[in-house]
Amino acid sequence: MKTFSRFRIFFRSLFLQSAWNFERIQNIGFLYCVFPALRMIYKNKPELLHNAVKRHSGFFNTHPYMANILIGLTIALEEQVAGGDKSVSREEIEVFKSNMAGPLAAIGDAFFWATWRPFCALLVVAVVFLYGGADDVVIKVSLGVFLLVYNSVHIGVRYMGLKEGYGMKTKIVKKIATFKVQKLVDNVRIAGIVIICVIVVKYFLFDLSGAAERGFFALALAAGIFLDVKKISVTFLFYGLIIISVLYAYAGKNF
Amino acid sequence: MKYNNVLFFAFLSSLLGLDVTAVAQTMVSRPIVAASIAGYLLGDLKTGVLIGAVIELVWIRVIPVGAVPPDTTVSSLLATFWCIGGAAQGGGLTPGVMENSRIMLSILMAIPFGMVFKKLDIVHRQFNTSLVHLVDREVEKQKYGIISKAVFLGATLFWLKAFVFYGLLFYPGALAVNFLEPALSGAVKSGLDTAFKLIPAAGIVAAFSMFSKRKHEDVQPF
């Protein structure tokens with residue numbers, strides 16, 4: 001894969017979910033990503049191209065950032081098969097695709113959606129809380145840093161996924177198995193908890209004043225933990241706190 | 001700087017909304033970013049970032065795993081426009097001296113619309129199944145141009161849905177906030193002020209719960 005076409009496929013991979021559907025999830029997006037390569041591989045072989053396009057229009061569902069590994073791998077294996085290599089068959093490409101999509105989705109969900117994204121967002125939220133009426137420059141800089149830090153990992157994973165998925169072919173499976181994702185997730189989570197504790201302490205001591213406010217806040221925290229243990233939605237807690245606050249004010253009391 | 005033009009804002013918001021699912025996922029659609037951008041353009045960055053921070057933290061556990069991500073982006077952009085843009089239109093308030101009760105009112109009104117949008121999104125993604133069949137039919141005839149067209153059409157539909165949604169709701173919602181705010185009794189107003197101070201507790205519990213769990217097998221519904 002030439003660098004030029006790699007950039008082209010990378011650009012296309014940003015649209016993986018543009019035609020997200022309940023029947024085959026990201027299948028159209030996947031096809032859109034591999035199509036330029038397929039057309040090149042099966043140049044002047046319309047029957048084989050037709051066959052390949054049909055094979056790659058099936059169900060496809062993985063984490064959007066991790067999909068590039070499978071896009072690169074698929075292109076490499078298609079090239080290999082088209083080049084006459086008998087060590088891999090067209091059916092096996094399908095098997096690789098569907099067998100790896102699940103585990104890659106699990107890694108992406110656990111790391112990006114459940115850890116890295118909330119962690120980066122939490123950093124900005126912490127700036128807002130800790131600097132209270134932070135001046136506009138602080139807010140702008142922290143938002144800029146948020147997007148930069150988050151996306152340097154995001155874009156890096158997408159780009160390297162495409163490159164290594166193509167370059168390492170099926171060896172990528174072993175490579176991924178050596179990644180200590182859970183360890184990384186754990187470390188980021190602990191950092192997240194530390195930041196949350198700092199926010200609570202600062203808010204409790206400096207932003208709230210008086211026994212009534214602090215008492216109510218502590219009660220709200222306790223109620224929240226109780227509801228969370230009971231797996232009741234945070235939306236319920238949100239509206240509950242508003243209703244209780246308004247009723248409290250109606251009773252003639254105020255902070 | 002004030003761009004409280006409904007169409008301009010619906011256009012901008014729906015572009016940001018593409019980031020949720022359809023294009024790239026760079027997180028410019030996260031409440032903290034989207035609400036800040038909207039707040040800045042409306043002339044009140046601080047209120048925007050505050051709305052974004054509250055929604056970001058309280059609904060931090062809502063992650064786009066599985067079928068359809070609940071739309072906190074929609075809630076935060078609606079709340080920001082209603083709160084700041086509405087204040088500019090109402091003329092009674094100057095952005096920058098936003099009352100906490102108005103911020104609270106805008107958020108509590110915007111959350112249900114985020115849920116409505118989520119339902120619309122599910123219908124939309126069911127409709128997208130017809131794109132799959134369209135692609136199948138054309139591919140059968142060896143007409144591969146349909147692949148890029150389907151992707152482009154898919155993204156356009158995601159954009160259009162959001163554009164219409166925002167276009168319809170920005171103005172009436174701002175009017176409603178403007179109408180309700182002065183109509184609120186003193187007790188309700190001070191109740192909302194109290195709630196504004198307590199809501200971070202909900203966010204802290206949500207964030208703590210998210211980061212303290214080793215696995216995220218239970219994805220929080222909206």
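Throughout, a chain's letter reflects where its sequence line sits, starting with A, and its residues are numbered from 1.
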Nearest 0.5 Å, please: how far is OG1 in B:Thr194 from CZ in A:Phe217? 13.5 Å
Region of A:Ile196 that comes under 4.5 Å of a non-hydrogen atom in chain B: side chain
Given B:Asn128, B:Asp136, B:Thr129, the one that forms side chain to side chain donor-acceptor pair (under 3.5 Å) with A:Arg24: B:Asp136
Pick one of side chain, backbone, both or neither for A:Leu49, based on which atoms fall under 4.5 Å of a heavy atom in chain B. both
With only heavy atoms counted, which part of A:Tyr239 is less than 4.5 Å from chain B, the side chain, the backbone, both or neither? side chain
Can a donor-acceptor pair be found, under 3.5 Å and without considering hydrogens, that links the side chain of A:Arg117 to the backbone of B:Arg30? no
Taking the six-membered ring where the residue is Trp, are the ring centres of A:Trp20 and B:Phe158 under 6.0 Å apart? no
Quiz: residues 25-39 of chain A side-chain donor-acceptor pairs under 3.5 angstrom, not counting sequence neighbours:
residue, atom, partner, partner atom, Å
A:Gln26, OE1, A:Thr62, N, 2.9
A:Gln26, NE2, A:Gln17, OE1, 3.1
A:Gln26, NE2, A:Thr62, O, 2.8
A:Asn27, OD1, A:Asn21, ND2, 3.3
A:Asn27, ND2, A:Ser57, O, 2.8

Between B:Val132 and chain A, with a heavy-atom cut-off of 4.5 Å, which part of the residue counts as in contact: side chain, backbone, both or neither? both
Check whether any side-chain heavy atom of B:Arg61 sits under 4.5 Å from a side-chain heavy atom of A:Asp228, and report yes or no. yes
Taking C-beta and beyond as the side chain, do A:Ile139 and B:Tyr40 meet within less than 4.5 Å on heavy atoms? no
Less than 4.5 Å apart, any side-chain heavy atom of A:Phe238 and any of B:Ile107? yes
At what distance, to the nearest 0.5 angstrom, does CG of B:Leu45 lie from CG of A:Asp136? 4.5 Å
Applying a strict 4.5 Å limit to non-hydrogen atoms, the region of B:His133 in contact with chain A is side chain
Of all heavy-atom pairs linking B:Thr26 and A:Asn151, the shortest is O-ND2, 3.0 Å
If I measure from the heavy atoms of chain B, does A:Ile242 come under 4.5 Å with its side chain, its backbone, both, or neither? both
If we only count heavy atoms from C-beta on, is the A:Phe15 to B:Phe152 side-chain gap below 4.5 Å? no
Say whether, by atom type as modelled, one donor and one acceptor occur between the side chain of A:Ser18 and the main chain of B:Ala22 under 3.5 angstrom. yes
Interface moiety of B:Gln25 toward chain A, non-hydrogen atoms closer than 4.5 Å: both
With a 4.5 Å cut-off on side-chain heavy atoms, are A:Lys54 and B:Glu140 touching? yes
Spell out, as yes or no, whether a donor-acceptor pair under 3.5 Å connects the side chain of A:Tyr203 to the backbone of B:Lys197. yes
What part of B:Ser130 gets closer than 4.5 Å to chain A, counting heavy atoms only: side chain, backbone, both or neither? neither
Contact origin within A:Tyr65 toward chain B - heavy atom pairs under 4.5 Å: side chain
Structural part of A:Phe146 lying under 4.5 Å from a heavy atom of chain B: side chain
Would a 4.5 Å heavy-atom cut-off, applied to side chains only, mark B:Val205 and A:Val234 as touching? no
Nearest heavy-atom contact between A:Arg158 and B:Ala24 is NH2-O, 2.9 Å
Leading residue by heavy atom contact count with chain B [cutoff under 4.5 Å; candidates A:Leu14, A:Ile195, A:Val188]: A:Leu14
Could you tell me whether the side chain of A:His50 and the main chain of B:Val139 form a donor-acceptor pair under 3.5 Å? yes
